[in-house]
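Below, each value reflects all heavy atoms present in this structure, side chains not excepted, and no hydrogens, waters or symmetry copies.
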Amino acid sequence: MGQHQLSDHTTLRLGGPAPLWLSHTHDADWPDLARTAAAHADLPFTLGGGSNTLAPDQGTTRPIIHMATRGIRTRHRADGQVEVTVAAGHPLTELVAHTVAEGLSGIEYLGGIPGTAGAAPVQNAGAYGQEIGDRLAALTAHDWTTGRTTRIPTTECRFGYRTSRFKQQPGRWTILSLTLHLTTSTAAAPVTYQHLATTLQAPLESRPPLAEAAAAVLHDRAERGLLLPESGHDHRQAGSCFLNPTITDNQARTLRSRGAPVYRIPSQAWRASAGWLLEAIGYRPGTEVTRGVHCSTRRTLTLTAQADASTSEFRSALEAMATSVHTATGIALHPEPVAV
């Protein structure tokens with residue numbers, strides 16, 4: 001416990017005091033920590049790396065559970081699959097690097113995504129054709145509505161594009177660990193994205209060496225402004241600010257006629273590029289959207305907080321951008337950052 005400022009624990013460096021701060025570092029301490037959190041009237045908020053988090057300027061009275069557990073366990077199964085169990089507080093990028101070093105394929109394209117392993121299933125984090133949900137066997141989570149810690153198989157996680165039951169029921173669950181099923185392989189999964197193929201100087205559908213593919217992902221993300229910078233003008237950010245929206249057949253035809261990238265998704269709907277839509281109505285890298293809130297100098301879809309920024313100004317920027325796109329195109333944009 002003790003007084004913590006949310007701004008010290010979010011990548012936007014925004015947010016006020018959190019007087020009920022519970023740091024979770026050891027599995028054995030969870031029952032005691034859960035009892036302490038459950039004694040409060042408000043549901044706790046689970047905070048990992050703080051990279052997708054919008055914390056209120058005035059702070060919060062909710063208990064904050066800071067997920068700081070670490071550790072990876074590997075078990076080779078009789079069917080040739082390898083079971084990898086990881087603590088929720090372990091950084092996702094470090095987990096990816098570990099599996100690649102161990103010669104395990106399945107999440108090699110998820111390197112460079114900020115945040116913890118435990119946050120990955122909430123958003124069903126994905127990149128370059130891989131999603132965490134594709135390799136998740138089960139996870140362990142605490143259900144605050146029943147007060148029980150339970151194992152949830154993937155089939156009950158309701159994964160979709162950047163969504164899951166954990167995102168659809170905010171506050172109900174705290175994820176404690178994940179179990180992934182990976183495959184022993186010297187080759188990466190087939191390359192399905194052209195810009196990654198270009199970085200690798202390899203054809204689409206080829207399977208480059210595992211370590212080479214993982215390194216190319218980090219290089220490509222850096223080139224396109226998709227890594228969280230350590231310092232500089234853009235370092236206070238929450239990554240991409242809007243999900244790529246689902247659109248109708250008519251909207252897809254209209255956008256395609258304007259040269260916009262649109263693509264089919266498995267449910268037979270279409271998806272458009274949020275970044276393209278924002279640029280089509282005049283937003284550009286570096287644009288000041290509201291006081292202290294700018295588009296990143298690298299990409300329009302990432303908003304950055306400058307010295308005089310506040311969370312309320314950041315919210316206003318998200319609303320202004322979404323409203324402008326809706327007015328111009330009829331397409332609704334949904335913000336990615338999660339509010340405490």
Are side-chain heavy atoms of W276 and N244 found at a separation under 4.5 Å? no
Transitive ILVMFWY cluster of Y161 at side-chain heavy atoms under 4.5 Å: who else is in it? L243
With R148, which residues qualify under side chain to side chain donor-acceptor pair (under 3.5 Å), at least two apart? none
Would you kindly say whether S296 and R299 are connected by a side-chain donor-acceptor distance under 3.5 Å? no
Please answer whether the main-chain N or O of R298 pairs with a side-chain N or O of R224 as donor and acceptor at a distance below 3.5 Å. no
Looking at every non-hydrogen atom in both residues, tell me the closest pair between T53 and L12 and how far apart they are. O-CD1, 3.9 Å
Do Y193 and D220 have side-chain atoms, one donor and one acceptor, less than 3.5 Å apart? no
Between Q251 and T248 (side chain of the first, backbone of the second, donor and acceptor by atom type, cut-off under 3.5 Å), is there such a pair? yes
Sub-3.5 Å donor-acceptor pair from the side chain of R236 to the main-chain atoms of R13, do we have one? yes
Please report the closest heavy-atom contact between L333 and P245, naming both atoms and the distance. CD2-CG, 3.7 Å
Using a 4.5 Å cut-off on heavy atoms from C-beta on, say whether the side chain of I152 contacts that of R165. yes
Any residue meeting side-chain contact (heavy atoms from CB on, under 4.5 Å) with P170, in chain and number order, not counting sequence neighbours: none
Of the non-hydrogen atoms in P337 and A238, which two are nearest, and what is the gap between them? CG-CB, 4.4 Å
When every non-hydrogen atom of L277 is compared with those of A272, the smallest separation belongs to CD1-CB, 4.3 Å
Do M321 and C295 have side chains that get closer than 4.5 Å, going by heavy atoms? yes
Close side-chain approach of P229 and Q237, heavy atoms under 4.5 Å: yes
Assess the side chains of T150 and D143: does a donor N or O sit below 3.5 Å from an acceptor N or O? no
Does T174 use its side chain to pair, donor to acceptor, with the backbone of T46 at less than 3.5 Å? no
Would you check if there is a donor-acceptor pair between the side chains of R207 and T186 at a distance under 3.5 Å? no
Do any N or O atoms from the side chain of E288 and from the backbone of G286 form a donor-acceptor pair under 3.5 angstrom? no
Do L136 and C157 have side chains that get closer than 4.5 Å, going by heavy atoms? yes
Check: A189 main-chain N/O paired with E108 side-chain donor or acceptor under 3.5 Å: yes
Search all heavy atoms of Y128 against all heavy atoms of T192 and return the closest pair with its distance. O-OG1, 3.7 Å
For the aromatic rings, using the six-membered ring if either is Trp, is the centroid distance between H233 and H294 under 6.0 Å? yes
Test your reading of the model: is there a side-chain donor-acceptor pair from N124 to the backbone of F159, 3.5 Å cut-off? no
Is the shortest side-chain heavy-atom distance between F314 and D57 below 4.5 Å? no
Whether the S310 and E313 side chains hold a donor-acceptor pair (N or O, under 3.5 Å, no angle test) is what I'd like checked. no
Under the side chain to side chain donor-acceptor pair (under 3.5 Å) rule, collect the residues that match up with T116, sequence neighbours excluded. none
For atom CD of E205, decide whether the heavy atoms of other residues, nucleotides or ligands shown that lie under 6.0 angstrom number more than 12. yes
Can you tell me if D27 and T69 form a side-chain donor-acceptor pair at under 3.5 Å? no
So, using side-chain contact (heavy atoms from CB on, under 4.5 Å) as the criterion, who are the partners of V86 when residues are at least two apart? I72, H90, L95, A117, L178
Are any non-hydrogen side-chain atoms of H24 and H66 less than 4.5 angstrom apart? no
After noting the C-alpha distance and the side-chain angles of S185 and L210, does the key distance pass the side-chain contact (heavy atoms from CB on, under 4.5 Å) rule? CA-CA 8 Å; S185 177; L210 198 59; 5.6 Å; no
Heavy atoms only: give me the nearest A68-T25 pair and the separation to one decimal. CB-CG2, 3.8 Å
Please tell me if the side chains of T140 and T85 come closer than 4.5 Å, counting only heavy atoms from C-beta onward. no
If you count every heavy atom of other residues, nucleotides or ligands that lies below 6.0 Å from R73 atom CZ, does the total exceed 12? no
Are T246 and R271 close enough that a side-chain donor and a side-chain acceptor fall under 3.5 Å? yes
Would you find more than 12 non-hydrogen atoms of other residues, nucleotides or ligands less than 6.0 Å from H195 atom NE2? yes
Any side-chain to backbone donor/acceptor pair from H235 onto G232? Under 3.5 Å, distance only. yes
Name all residues meeting the side chain to side chain donor-acceptor pair (under 3.5 Å) criterion together with E94; count only those two or more places apart in sequence or in a different chain, and write none if there are none. R70
Give the intermediate values and the outcome of salt bridge (charged side-chain N to carboxylate O under 4.0 Å, His left out) for residues R162 and E131. CA-CA 9 Å; R162 302 297 166 269; E131 288 178 330; 3.5 Å; yes
How many angstroms lie between atom CD1 of I175 and atom CZ of F166, to the nearest 0.5 angstrom? 4.5 Å
